[in-house]
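A short worksheet on the structure shown next.
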Amino acid sequence: MKIKNICCIGAGYVGGPTMAVIAQKCPHIKVTVVDISEDRINAWNDENTENIPIYEPDLSQIVADVRGRNLFFSTDIEKSIDEAEMIFISVNTPTKTYGEGKGMAADLKYIELSARQIARVSRTDKIIVEKSTLPVRTAEAIKNILDNVGNGVKFQILSNPEFLAEGSAIENLLNPDRVLIGGEQTKEGKKAIDTLVDIYSEWIPKERLLTTNVWSSELSKLTANAFLAQRISSINAMSELCEKTGADIDEVALAIGSDSRIGPKFLKASVGFGGSCFQKDILNLVYIARSYGLREVADYWEQVIIINNHQKNRFSKKIVQTLFNTVSEKKITFLGWAFKNETNDTRESAAIYVADSLIEEQADIMVFDPKVRIDQMHADLDCLNSRNSNENKSKLKTAKDPYTACEEAHAIAVLTEWNEFKEYDWERIYESMQKPAFLFDGRNMLNIEMLEKIGFVCYAIGKG
Ligand code: NAD
Ligand code: UGA
């Protein structure tokens with residue numbers, strides 16, 4: 001079966017870029033991305049594609065090329081579901097904040113709402129594709145809803161988890177290491193798998209399209225994120241030992257990463273990983289393992305989160321200790337707020353937690369981030385419920401450029417690895433700061449030797 005009409009529910013960091021690339025590579029398919037958020041859809045439809053709601057290198061150009069040709073953004077969810085032969089579910093699956101599994105399990109309420117809406121509206125057979133990251137065996141629940149609420153329409157459910165990383169989403173989508181498609185191992189299931197394989201084959205070599213059963217596909221996504229996050233927690237754990245022993249974490253990473261069995265990627269020590277998914281997906285994995293009674297498995301993976309929290313805490317403690325045990329009413333300038341470079345996404349960014357601890361110590365935080373807006377920073381702090389919104393507003397401010405941000409600061413802390421930080425005029429920054437001028441590099445990205453020559457007193461993660 002050749003697909004002519006795709007609907008994607010959820011116009012977020014996954015739905016938007018993924019569908020833009022499918023539309024670009026498959027001009028014969030009409031792709032409509034729908035969302036309950038009118039604001040988000042309006043932003044996707046903004047005449048100036050620089051104003052689309054998600055910043056990703058090359059994304060606005062693709063949207064400019066294909067929007068209105070075969071890519072559409074709409075709030076008319078029912079119409080798009082009705083017209084589509086294939087529906088991607090790309091809604092958010094955050095950690096539950098209430099009830100059974102609170103703080104651990106994935107909240108599947110948006111998935112269920114989407115499934116019920118599909119069941120209610122559909123009048124023709126459809127292939128449903130799970131694009132969101134879901135607990136293993138969710139497809140079973142979706143199938144149950146579709147088969148029991150639907151009007152006799154036949155549905156095939158595929159799991160097609162997304163492996164893109166923010167900041168390199170377009171590159172990852174155009175040239176993925178692999179695409180994973182899980183489906184029912186029946187004649188109809190295999191036909192549905194082939195239909196999705198046909199779409200990806202338009203630009204991805206066949207050998208990179210892996211097909212499995214549904215459960216392997218669902219669990220592989222959680223496993224991939226757990227392994228990636230585990231590497232970061234492993235190197236971060238070693239960074240603390242480096243600081244005690246005089247070893248240098250970058251040298252250790254190079255030494256171990258040169259072993260082809262270990263490999264060099266994801267060994268960059270940092271102030272801690274952030275992002276919307278690593279923590280949420282590992283907590284979900286821990287919850288699933290516990291619910292099957294696998295205590296040792298659950299404890300093993302939970303340690304990845306424990307080390308990550310420890311890394312963020314010890315960074316803020318280091319700042320306080322170094323500044324003579326008090327940051328009260330001192331100006332601390334953060335370079336970066338996003339959870340990584342090349343994105344405006346701030347979800348679970350280490351910067352939020354470091355700022356919160358320092359504000360608890362009465363510091364005044366000034367932030368410069370090239371892509372994040374101040375209202376987002378305040379919203380991030382408000383979410384922690386540590387103090388009221390007005391206090392957060394008075395304790396965290398931003399400046400329009402990095403030089404103004406650093407003026408009169410007692411210390412600078414690098415929280416995001418934006419490349420432009422390397423290019424700043426550090427002598428000019430040093431001259432404008434209070435002395436001693438402290439610098440805490442939470443990303444090990446600056447030239448510490450050069451900064452120390454200028455006069456900065458520096459701390460970098462994992463440098464003995
Ligand atoms: P997001 O919050 O950016 O986007 C989700 C969108 O879904 C929101 O715009 C929301 O309004 C919309 N939505 C929720 N319920 C809806 C409904 N019933 N009908 C219509 N729209 C609805 O989330 P995201 O970052 O795109 O992540 C989506 C999923 O993809 C998650 O499961 C996540 O774990 C997974 N994932 C994310 C990334 C990433 O880099 N962000 C990468 C791989 C996988
Ligand atoms: C991650 C995975 O890399 C994607 O494959 C996956 O699809 C995605 O999660 C998801 O499921 O949401 P993402 O969170 O966008 O992607 O970004 P990463 O590049 O993985 O970075 C995550 C965090 O780890 C960032 O805060 C980053 O700065 C940090 N990090 C990364 C390190 O501290 N050290 C490293 O060596 C690598």
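These numbers come from the heavy atoms of this one structure, side chains and all, not from hydrogens, waters or symmetry mates. Numbering of ligands and ligand atoms starts at 1, following listing order.
Taking 4.0 Å as the cut-off between side-chain N and carboxylate O, Lys463 and Asp248 count as a salt-bridged pair. Of the charged side-chain nitrogens involved, none lies within less than 4.0 Å of a carboxylate oxygen, so that Glu83 and Lys126 do not count as a salt-bridged pair. A salt bridge is absent between Lys244 and Glu240: the closest approach of a Lys/Arg side-chain nitrogen to an acidic carboxylate oxygen does not fall below 4.0 angstrom. Electrostatic pairing of Lys268 and Glu417 does not count as a salt bridge here, judged by no charged N lying under 4.0 Å from a carboxylate O. Between Arg290 and Asp299, at least one side-chain nitrogen of the basic residue sits less than 4.0 Å from a carboxylate oxygen of the acidic one, meeting the salt-bridge criterion. Note on Arg347 versus Glu166: salt bridge recorded, some NZ/NE/NH1/NH2 to OD/OE distance being below 4.0 Å.
The distance criterion of under 3.5 Å between nitrogen or oxygen atoms is not met by Gln117 with respect to ligand 1. Considering backbone and side-chain N/O of Glu162, none are found under 3.5 Å from N/O of ligand 1. Every N/O-N/O distance between Asp281 and ligand 1 stays at or above 3.5 Å.
Taking the six-membered ring for Trp and the full ring otherwise, the centers of Trp301 and Phe227 sit less than 6.0 Å from each other.
Regarding atom 29 (C) of ligand 1, its nearest protein heavy-atom neighbour is Val91 O, 3.4 Å. The nearest heavy-atom contact from the protein to atom 22 (C) of ligand 1 is Ile36 CG1, 3.4 Å. Here the protein heavy atom with the shortest distance to atom 37 (C) of ligand 1 is Val14 CG2, 3.1 Å. Of the protein's non-hydrogen atoms, Asn92 OD1, 3.2 Å is the one closest to atom 14 (C) of ligand 1. Closest to atom 10 (C) of ligand 1 among all protein heavy atoms lies Asp35 OD1, 3.5 Å. In this structure, atom 35 (C) of ligand 1 lies nearest to the protein heavy atom Thr133 OG1, 3.4 Å.
Cation-pi check for Lys30 over Phe72 is met; the charged atom lies under 6.0 angstrom from the ring centroid and within 45 degrees of its normal. Relative to the ring axis of Phe88, Lys131 does not place its NZ or CZ within 45° and under 6.0 Å from the centre. Remark: Arg178 is positioned above the aromatic ring of Phe163, its terminal NZ or CZ atom under 6.0 angstrom from the ring centre and at most 45 degrees off the axis.
Short contacts between ligand 1 and Glu166, defined as distances under 4.0 Å to a heavy atom of the residue, involve ligand atoms 39 (C), 40 (O), 41 (N). Listed by atom number, the atoms of ligand 1 under 4.0 Å from Arg347 heavy atoms are 1 (P), 2 (O), 3 (O), 23 (O), 25 (O), 41 (N). Ligand-side atoms of ligand 1 in range of Ser114: 18 (N), range being under 4.0 angstrom from any heavy atom. Interface atoms of ligand 1 facing Ser90, defined by a heavy-atom separation under 4.0 Å, are 5 (C), 28 (C). Every atom of ligand 1 with a heavy atom of Lys221 under 4.0 Å away is listed here by number and element: 43 (C). Taking a cut-off of under 4.0 Å to the non-hydrogen atoms of Ile77, the atoms of ligand 1 that pass are 19 (N), 20 (C). Annotation for ligand 1: atoms under 4.0 Å from non-hydrogen atoms of Tyr13 are 3 (O), 24 (P), 25 (O), 26 (O), 41 (N). Numbered from 1 in the order shown, with element, the atoms of ligand 1 that lie under 4.0 Å from a heavy atom of Tyr110 read 15 (N).
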Next on the checklist: Applying salt bridge (charged side-chain N to carboxylate O under 4.0 Å, His left out) to Asp177 and Arg208, what does each step give before you reach the verdict?
Outcome noted: CA-CA 7 Å; Asp177 289 343; Arg208 288 198 223 154; over 6 Å; no
Checklist entry - side-chain contact (heavy atoms from CB on, under 4.5 Å) between Asn51 and Trp44: does it pass, once the steps are laid out? => result CA-CA 8 Å; Asn51 295 335; Trp44 279 109; over 6 Å; no
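Using a distance-only test at 3.5 Å, with no hydrogens or angles considered, a donor-acceptor pair links the side chain of Ser291 to the main chain of Ile288. When atom types are taken as modelled, the side chain of Glu218 and the backbone of Arg137 share a donor-acceptor pair closer than 3.5 angstrom. Between the side chain of Ser270 and the backbone N or O of Gly272, at least one donor-acceptor pair lies under 3.5 Å. Side-chain atoms of Asn213 come within 3.5 Å of backbone atoms of Ser216 as a donor-acceptor pair (strictly under, hydrogens ignored). Checking side-chain atoms of Thr49 against main-chain N and O of Ala64 turns up no donor-acceptor pair under 3.5 Å.
Looking at Lys280 against ligand 1, only its side chain comes within 4.0 Å, counting heavy atoms. Residue contacts with ligand 1, taken as heavy atom pairs separated by less than 4.0 Å, do not involve Leu134 at all. Only the side chain of Ser276 comes within 4.0 Å of ligand 1, judged by heavy-atom distances. By the criterion of a heavy-atom distance under 4.0 Å, the side chain of Ile9, and not its backbone, is placed next to ligand 1. When heavy-atom distances to ligand 1 are checked against a 4.0 Å cut-off, Arg116 has no atom that comes that close, whether in backbone or side chain. Under 4.0 angstrom from ligand 1, the non-hydrogen atoms of Cys277 all belong to its side chain.
Protein residues with a heavy atom closer than 4.0 Å to ligand 2 are Glu162, Phe163, Leu164, Ala165, Glu166, Lys221, Asn225, Leu228, Ile232, Phe266, Leu267, Lys268, Ser270, Phe273, Gly274, Cys277, Phe278, Phe339, Lys340, Glu417, Arg443, listed by chain and number.
Ring geometry for Tyr459 against Phe440 counts as tilted: the plane angle lies between 30° and 60°, on a 0 to 90° scale.
Between the choices Thr18, Thr93, Asn284, the shortest heavy-atom distance to atom 32 (O) of ligand 1 belongs to Thr93.
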